[in-house]
Participant: 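I have a structure I would like to understand better, so I am pasting it below and will then ask my questions one at a time.
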Amino acid sequence: MTRYREFYLQELSGEDMNHAVQAPAAPAPSGLKNHVPGELLVQFSPGASAAAKQAALASVGGRAAEVIRGQIDGEGELVRITFGAGLDTEKAMEIISRRPGVSFAEPNYIVSVDAVSNDTAYAGGQLWGMYGDQTSPANQYGSQAGEAWAAGHTGSSRVAVGVIDSGIDYTHPDLYLNVWLNQNEISSTLRASLTDVDGDGLISFRDLNASANASLVTDLNGNGRIDAGDLLSDVRWENGTDQDGNGYVDDLIGWDFVNADNDPYDDNEHGTHVSGTIAGMGGNGIGVAGVTWSTQVIGLKFLSATGSGATSNAVLAIDYYTKAAQLGARQDFALTNNSWGGGGYSQAVLDAIVRGAKQDILFVAAAGNGGRDQVGDNNDTTANYPSNYSTKAGAGYEAVIAVASITSSGSISSFSNYGASTVDLGAPGSGIYSTIPGGGYAAFSGTSMATPHVAGAIALYSSLSTQSAADIAGNLLLSTAATASLSGKTATGGRLDVTNFLSKVGTAPPPVETVNEVYGTTASETITGTTGADKIWGVPGSGTSLGAGTIDSLVGNGGADTFVLGDSRGRFYDDGRSRSAGTGDYGVIRDFGADDKIQLKGSAANYIQQATSVNGVSGMGIFVDTNGNGAFDSRDELIGIAQGVTAPIDSTQLVFV
């Protein structure tokens with residue numbers, strides 16, 4: 001029987017969420033999504049003095065609770081703070097954001113989980129997500145992984161996937177050999193005596209289960225095999241020393257950011273289920289097989305037993321994997337799997353994803369579920385995080401891959417979110433059978449289950465290729481199989497096809513049409529594009545300063561341009577005062593032409609076009625229908641003017657996100 005295991009914030013009780021983050025119960029202030037009450041994430045400016053930091057904290061009666069990331073790589077400290085009980089989160093955020101030495105402040109949001117081989121479940125017809133049209137059993141809407149296996153492609157232990165989730169049952173009989181072992185945390189004394197039995201250049205659990213290494217390990221948990229649970233109880237391995245100098249002592253197999261220790265055991269089921277789809281041990285005659293049979297999975301536990309966790313810990317988990325990539329010359333840290341969602345836009349999380357992207361790490365994310373047994377949300381109009389984040393501005397390419405869910409008959413799953421511009425492809429996500437803690441198996445559904453099919457495919461590709469993350473992502477999207485239910489619902493209009501994806505190993509995807517992105521600052525100014533195609537913002541490319549109180553001039557300067565008056569962060573040039581027309585802040589589009597477009601946040605129903613003249617500028621005004629009456633009146637909020645345009649702008653030139 002399929003159990004629905006995609007949890008969302010609105011489905012969790014307040015008691016559960018507060019237990020997960022160990023904070024007192026308190027209602028979320030209006031306008032903010034669920035977050036840890038009494039806490040903020042504060043990014044200080046590079047070089048901010050100790051006095052400036054202390055003054056900023058004092059302004060909200062705050063104290064530093066945890067340094068999430070120290071000052072490094074040209075960025076200031078990111079700190080989790082607690083603040084005085086007399087302030088709500090919005091007010092505290094407003095006050096401290098204005099202090100000298102503070103780059104930004106944001107809520108500490110709560111997010112949650114978004115589930116030929118001789119393995120019995122594969123042969124028994126339970127792993128439809130692994131099948132292809134030529135496998136036996138067969139299913140044309142499966143990932144085609146079975147056909148890749150038949151061609152001899154089953155992966156490599158040299159690829160290590162970060163499972164940022166609720167942890168992993170590292171003792172599971174279908175996972176224990178594929179659990180990551182931190183090569184840099186093995187003491188020099190042990191390493192000198194260990195034998196690399198399979199000759200892959202690593203010491204892995206495959207080596208530790210061989211007789212050649214029997215004297216250096218002990219089956220302390222008595223399950224008849226050597227697994228991570230044995231090492232975490234053995235002082236020869238867990239020796240109290242930070243061997244790799246990454247700040248985490250005895251992080252032999254990953255880290256538990258919920259309990260701040262080195263034991264990322266899964267007490268929820270979700271992370272173990274995801275891991276089985278990525279890298280369940282294939283060909284061992286039991287249970288399931290993952291898309292790749294030998295890739296290593298790293299347990300980066302930031303979601304608690306209830307399936308929820310704080311974005312502060314998500315940042316720590318993402319950065320841990322990035323640091324491992326910097327230290328881990330022996331392995332390919334190609335990607336993380338992120339089957340979770342919720343909360344609002346977090347600059348801190350995006351910054352962490354960008355840091356990973358700069359290290360050539362892909363971020364595979366669940367598109368999200370609109371809810372149980374109902375049509376999913378359109379991520380183009382209602383942003384879902386983290387799948388809606390973009391690294392193009394920060395890293396120069398798109399490292400975030402958003403995954404929708406399909407059923408075994410090729411339909412988009414009823415719960416799955418979608419988005420023609422914000423969701424990339426579909427993958428099997430309904431009724432997915434995989435591993436759960438305690439050595440068991442179960443079928444779960446959700447975009448959480450679709451995501452690891454794609455993550456496993458990328459790991460399989462990476463085992464055969466040394467291409468850049470940008471090329472791998474490009475070839476993934478070029479290789480999808482056209483699927484009617486995904487047409488107009490995803491950017492590719494297609495589903496994962498592992499066989500076609502692997503056929504592109506070594507070939508560079510065609511260059512993406514270059515659109516120059518031009519950003520403004522927080523000041524009133526003129527922003528001018530190039531003579532080619534531009535996408536022009538009057539506000540910064542990141543952060544929460546969206547033009548309130550400023551007037552910008554946007555000049556395309558030729559080419560087919562897109563003038564941005566809103567993006568996934570929200571609407572621009574909106575002062576938030578419902579009784580005012582907001583004519584003190586707007587963007588003036590100086591040269592809007594027939595080939596140009598205007599990007600807006602929301603839908604056409606949210607806006608009214610009205611000829612207007614403000615401060616000597618005349619043209620077609622773009623107003624927010626503040627009171628929702630469908631007619632222009634004095635309270636509607638002006639956010640943009642297309643100068644010199646006298647007729648309403650055609651709907652084909654308006655883009656809604």
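Please read all numbers here as calculations on a predicted model, not as lab measurements. What's counted below: heavy atoms across the whole structure, side chains too, no hydrogens, waters or symmetry copies.
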Participant: Of all heavy-atom pairs between Tyr345 and Glu106, which one has the smallest distance, and what is that distance?
Facilitator: O-OE1, 4.4 Å
Participant: Using distance alone, with no hydrogens and no angle criterion, decide if Thr447 and Asn369 have a side-chain donor and acceptor under 3.5 Å apart.
Facilitator: yes
Participant: We want to know whether Ser166 and Asp266 form a side-chain donor-acceptor pair, criterion being a heavy-atom distance below 3.5 angstrom.
Facilitator: yes
Participant: Lys301: what forms a salt bridge (charged side-chain N to carboxylate O under 4.0 Å, His left out) with it, not counting sequence neighbours?
Facilitator: Asp267
Participant: Got a salt bridge between Asp574 and Arg571, using NZ or NE/NH1/NH2 to carboxylate O under 4.0 Å?
Facilitator: yes
Participant: May I ask you to check whether Trp340 and Phe302 place their ring centers less than 6.0 Å from one another?
Facilitator: yes
Participant: From Asn182 CG over to Tyr248 OH, what is the distance, rounded to the nearest 0.5 angstrom?
Facilitator: 12.5 Å
Participant: Who pairs with Phe104 by ring pair (Phe, Tyr, Trp, His ring centres under 6.0 Å), at least two apart in sequence or on another chain?
Facilitator: none
Participant: Applying side chain to side chain contact (heavy atoms under 4.5 Å, CB included), can you list everything that pairs with Asp471, at least two apart in sequence or on another chain?
Facilitator: Gln467, Ser468, Ala508, Pro509
Participant: If you compare all heavy atoms of Gln43 against all heavy atoms of Gly76, which two are closest, and at what distance to 0.1 Å?
Facilitator: NE2-O, 2.6 Å
Participant: Does any donor atom in the side chain of Asn108 or His35 lie under 3.5 Å from an acceptor atom in the other side chain?
Facilitator: no
Participant: Take Trp255 and Tyr320 through the ring pair (Phe, Tyr, Trp, His ring centres under 6.0 Å) test and state the conclusion after the steps.
Facilitator: CA-CA 9 Å; Trp255 199 257; Tyr320 180 100; 7.4 Å; no
Participant: Distance-only, no hydrogens or angles: does the Glu77 side chain make a donor-acceptor pair with backbone N or O of Val79 under 3.5 Å?
Facilitator: no
